[in-house]
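Worksheet for the structure shown next.
Protein chains get the first letters and strands the later ones, always in sequence-line order, with residue 1 at the start of each. Every value quoted in this text rests on a predicted model; they were computed, and no experiment measured them. Computed from heavy atoms alone, side chains included, the values below leave out hydrogens, waters and symmetry copies.
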Amino acid sequence: MYTASVPVEVRLPTLLRPHAGGAASVTADGASVGDVFADLAGRYPGLSDQLVDEAGSIHKFVNVYRNDDDVRYLDQLDTKVTDGDVISILPAVAGG
Amino acid sequence: MGFVSPPLRLTEDHYRTIVAHCYDGLPDEACGLLAGPAVDDEPLGAVTEARPCRNEDKSARTYRIDSRDFMATLRAAEARGEGLVGCWHSHTHTDAYPSPTDIAQAEAYPSWFYVLVSLRDGDPVLRAYRIRDGTVRECQVVLDR
C-alpha cells in the first residue's frame with residue numbers, strides 16, 4: 001500500500017535544539033515517524049544520534065509522541081503520520 | 001551555581017500524596033511529577049499538583065516516569081497556564097540525595113526541582129534540590145497548611 005509522504009511539525013526540547021541549528025520546531029517529510037526522522041537526519045546528522053540508537057530503535061532516554069500519544073505504544077518508528085500531525089520529542093524523566 | 005532558588009512550597013496534601021506513593025511503590029522506587037507556575041521556564045516554587053506516576057522501570061534501583069503519565073500531567077498543567085516544575089522519586093535503601101544517575105539525567109530539565117524521598121529509616125525523609133550543570137544544591141521545602 002502506498003502511503004503519501006506529508007510534511008509534519010517536529011517539536012524539539014531545549015536539550016536537542018543545538019543539534020538543529022537552535023530551532024524549537026522543524027518541519028520534515030515522511031509517511032511514518034521513522035521516515036520523518038530519516039528526513040531530519042539528512043539535514044541534522046547530530047540530531048539523529050539523539051533520537052535513534054545503534055540498533056535502530058527509539059533512544060531509551062527520549063519519548064516520542066505523535067500528537068499526545070507515545071509512539072512506543074503505537075507502531076514505534078513505523079507509526080504513520082498524516083498531514084497536520086505534530087511529533088513532539090521530550091526527554092524521559094529518569095534516574096536511579 | 002549562580003542563582004538562589006526560591007523554596008519549594010508543598011501543601012500537606014502534596015506531602016502526604018508523595019510519601020504515600022513512595023511507600024505504595026515498595027519494593028520498587030516510586031516517582032511522580034510536580035506542576036505549578038513558572039515564568040520563562042523558571043518555577044516560582046509553588047506547587048499546584050503532585051501527581052503520582054508509574055515507574056516504567058519497575059525497579060528498586062532506577063525509575064523512568066511513564067511517558068503517558070508525563071504527557072497527561074504536562075497537558076493538565078498547560079491547561080491551567082502552568083508547567084511542570086519538578087519531579088520526585090524514592091530511594092528505598094539510600095539517602096535522600098541525588099545519585100550520580102539522577103545528576104546526569106537532570107540535564108534534560110535544568111530548571112526543575114528534584115525531590116528525593118528516602119525510605120531507608122523508620123520515618124520518611126523528603127528533601128528537595130536544584131541540579132544544574134552537574135552541581136547539586138539543596139533548597140528549602142515549605143509545607144503550607
For A/F61, is it the side chain, the backbone, both or neither that has a heavy atom under 4.5 Å from a heavy atom of chain B? both
Part of A/V64 within contact of chain B (heavy atom distance under 4.5 Å): neither
Over all heavy atoms of both residues, which pair between [X] and [Y] is shortest? Give the atoms and the distance, please.
{"X": "B/S67", "Y": "A/Y73", "value": "OG-CE1, 3.7 Å"}
{"X": "B/D102", "Y": "A/G96", "value": "OD1-N, 2.7 Å"}
{"X": "B/F70", "Y": "A/L90", "value": "CE2-CD1, 3.6 Å"}
{"X": "B/A108", "Y": "A/L15", "value": "CA-CD2, 3.9 Å"}
{"X": "A/D68", "Y": "B/R75", "value": "OD1-NH2, 2.8 Å"}

Heavy-atom cut-off 4.5 Å, strictly under: side chain, backbone, both or neither for [X] against chain A?
{"X": "B/I103", "result": "neither"}
{"X": "B/E107", "result": "both"}
{"X": "B/Y109", "result": "side chain"}

Roughly how far, to the nearest 0.5 Å, is the CZ atom of B/R68 from the CZ atom of A/R72? 10.5 Å
How long is the gap from CG on B/D66 to CG on A/D70, to the nearest 0.5 Å? 8.0 Å
Run the numbers on B/R64 and A/V93 for side-chain contact (heavy atoms from CB on, under 4.5 Å), then give the verdict. CA-CA 6 Å; B/R64 187 185 196 281; A/V93 183; over 6 Å; no
Using a 6.0 Å cut-off, check whether atom CZ of B/R54 has over 12 heavy atoms from anything other than its own residue. yes
Give the cluster check for B/L26 versus B/L126: same hydrophobic cluster or not, with ILVMFWY residues linked at side-chain heavy-atom distances below 4.5 Å. yes
